[in-house]
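All chains are named by letter (A, B, ...) in the order of the sequence lines, taking the proteins before the strands, and each is independently numbered beginning at 1.
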Number of protein chains: 2
Amino acid sequence: MAATEKITIMDIARRTGLSKGTVDRVLHNRGEVSKKSYAKVMEAIQELGYEPNVFASLLAKGGKHLIAVLIPAHENGSFWELAASGIDKAAASVTTVGVDIVHFEYDQYDIDSFRKVAGKMLEAGPSGVVLAPMFQGETESLTEELQQRGIPYCFIDSKPDTNGYLAYFGMPLYKSGYLCADQLTGGRDVLSVLIIRVRRDRFRQSDPTVNRRAGFLDYMMENYPECRIDNVFIDPNDPEETEAALSTYFQTHPDVRHVVMFNSRIHLAVPYLQAHPDPQRRVVGFDNLKANMDALRNGTVSVLIGQRPDEQVNLAIQTLAEYAILGKLPPRKDHFMHMDILTSYNVEDY
Amino acid sequence: MAATEKITIMDIARRTGLSKGTVDRVLHNRGEVSKKSYAKVMEAIQELGYEPNVFASLLAKGGKHLIAVLIPAHENGSFWELAASGIDKAAASVTTVGVDIVHFEYDQYDIDSFRKVAGKMLEAGPSGVVLAPMFQGETESLTEELQQRGIPYCFIDSKPDTNGYLAYFGMPLYKSGYLCADQLTGGRDVLSVLIIRVRRDRFRQSDPTVNRRAGFLDYMMENYPECRIDNVFIDPNDPEETEAALSTYFQTHPDVRHVVMFNSRIHLAVPYLQAHPDPQRRVVGFDNLKANMDALRNGTVSVLIGQRPDEQVNLAIQTLAEYAILGKLPPRKDHFMHMDILTSYNVEDY
DNA sequence: TTGAATTCCGTGCACGGTAACGGAAATTAT
DNA sequence: ATAATTTCCGTTACCGTGCACGGAATTCAA
């Protein structure tokens, strides 16, 4: 039924005896208006409860915003591939409101590539940027540049200790370690746990697994202070070495039945684990990579903890789009995503 | 960078040597166009890849769509309160594109109230309707009416066996019973299980718990064929009777440590369970009602399985809005939501 | 007091599409 | 052949804002 009659810029022009041009000037406070007129207009806006018509506005100024997404290149089946998939989802909904999205990728092991791509990104003149902070120093200088240019930006996955960002979307890392420990032990007494770790990437300076491991260890300390915790390091690019490392470990520790990994690469351990099955074993990993989910289905992995990276970039893009188009600020800056528990029984509809 | 030059209705008018009026007529195929012109325009549209400008369109036809949500009244802390909260979320994003949402509530125990409210809803002349089917017959006649009037509608929560709906958003019910059983047993041998049930609502003809229970029982049959399964019925409006029923049951079956409930009301059992704690007990329920989540936090309930009812109505509304505004059909009709596993360790950020 | 410089404001076109209106062309009826 | 319809199409006035342009009113300089 007849919704509240929309009041337009003309209504408040008539009300104040001024012209729409003047009203428009105060709305976008771009000067050339006398104090008296300014006050009158503001008052009328209040009283009539004027709200601009987004369509007309966008139509008039020819829309076309651009949002840039700057994340590591997504090798097949990697974590960042999942994140990248959120771009398409967001694109589908924001292109209809005149927003384009450009995806910039860099090599997460190469600072120079980050610098270069960041430069290109700036040249594209975006109205907003989605960032995954990998290199601390570089991220800092980039965000400074963005701030100077007045370009809003959002962090996903993790965030530095700065404060100028528009919003952050990510998983509560420390808590995720806790949850992980709880899922691994399943309330049963546990005597020993194996943590599989990737040899530290030299360049990566912002590493989510640090906090996660801290949470995990705290949980274990509190609940199973006697539990022995072993670490095995593997090289992500060398399957044979991985196989050998695990093989060596389990030969000397055949009693260890709880295995965990704090990054998205539990699938690297799957070939060995699958070849040496143990119905009593419990394996917990992170992130819903295809390879990980397959391992869930075939029973090699017991539980995955997911954080919906695609939702993270989707939300970041939506937030930037709303800000760019309507100037709307998000209700809060930090958005901690729900941690999804995935088992073979609920992985299908994920 | 210079985005693809938007091609307008005028471009294709020039291209075909016709006027924009004619082009508009074929775009909305409202007749009064010769076959030859029609074909020419269609071809030009294809070739140039024309896409209408939503803003201009909405501006011209004065926007203002209305979407109606027809779900049971949300008594405090009920399942439907969660669903209703999705309305606000959706409202925030669609009002900016000129869509209003009206919320109609009926008494889920009173068919007449459904009829009355449905009538009122139709009078409001919505461009789309979100429905939770409760009364089979009534739902059927309502959807027929909607179909006749050409009003699209979406189901949430559950759906009847019809086919005219635009989309459905809900949990895979049978599977959720499976998941529930897996979470309840946690891979351990289980000898006996208690199912707490609500005495059948006489009127409710579409009951999600039926399928859920079927899935649960199948899982138990397959994995623990020896397990005894008991049922206790309670009256949702009589806490004392509930207390008594559980008390009686557990006095004669003190060994039963696995308790499950297939609707959203596990919180009804919480007072008893909390008063008679058992660290060995495992309790699984459904839906993230506040009372249920509290029980999760204090340890009375072990696991809740969530289906994001708010997301369901949110998505349903978004889908209807896109259809109403842009005529865009959803990629598929049936959308099965992910089943969230909630424990005390990941309930906070839900 | 007159001319120049400011300050302030109204006018009018553009944005891309919608739909009513009316008229030309083609068809049918008389 | 002419009138009466039908069919088909172009014209035009919006929808609500943004913004450039130019002019009136006011202030300042000479």
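For A/S34, no side-chain nitrogen or oxygen approaches OP1 or OP2 of C/dT7 to under 4.0 Å. Taking only side-chain nitrogens and oxygens, B/S19 comes nearer than 4.0 Å to OP1 or OP2 of D/dG10. One finds no side-chain N or O of B/H28 lying less than 4.0 angstrom from the OP1 or OP2 phosphate oxygen of C/dA19. Here A/T22 reaches the OP1 or OP2 of C/dG10: one of its side-chain N or O atoms lies under 4.0 Å away.
Distance from the side chain of A/I9 is smallest for D/dT17 among the nucleotides D/dT17, D/dC8, C/dT18. Checked against D/dG16, D/dC9, D/dA13, the side chain of A/N53 finds its nearest nucleotide in D/dG16. Closest to the side chain of B/S57, from the set D/dT11, D/dG16, C/dG17, is C/dG17.
Within 4.0 Å (heavy atoms only), B/L18 reaches sugar-phosphate atoms of the nucleic acid but no base atom. Among the heavy atoms of the strands, none lies under 4.0 Å from B/Y38. Residue contacts for A/D24: at a heavy-atom cut-off of 4.0 Å it reaches a base atom on one of the strands shown.
In terms of the side-chain contact (heavy atoms from CB on, under 4.5 Å) criterion, residue partners of B/S19 (sequence neighbours excluded) are, by chain and number, B/T22.
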Using atom names, set out every protein N or O paired with an N or O of nucleotides 20-27 of chain D below 3.5 Å, distance rounded to 0.1 Å.
none

Report, one pair per line, the protein and nucleotides 23-25 of chain C atoms (nitrogen or oxygen only) whose separation is under 3.5 Å.
none

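A parallel orientation is assigned to the rings of A/H335 and A/F169, their planes being inclined by less than 30° (bins at 30° and 60°). Ring pair A/H74/A/H103 is parallel by interplanar angle, where below 30° counts as parallel and above 60° as perpendicular.
When all heavy atoms of B/Q312 and B/M171 are compared, the pair lying nearest together is NE2-N, 4.1 Å.
D/dT17 atom P lies 14 Å from atom CG of B/L58, rounded to whole Å. Regarding B/L59, its CG atom lies at a distance of 9 Å from the C1' atom of D/dC14, rounded to whole Å. Atom CE of B/M10 is separated from atom C1' of C/dG17 by 11 Å (rounded to the nearest Å). The NZ-P distance, from A/K20 to C/dC13, rounds to 11 Å in whole Å.
Nearest-nucleotide assignment on DNA chain C puts the 5′-proximal partner with A/K35, out of A/K35 and B/P52.
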Item to check | Residue pair B/F155, B/Y153: steps toward the ring pair (Phe, Tyr, Trp, His ring centres under 6.0 Å) verdict | outcome: CA-CA 7 Å; B/F155 287 117; B/Y153 54 94; 5.7 Å; yes
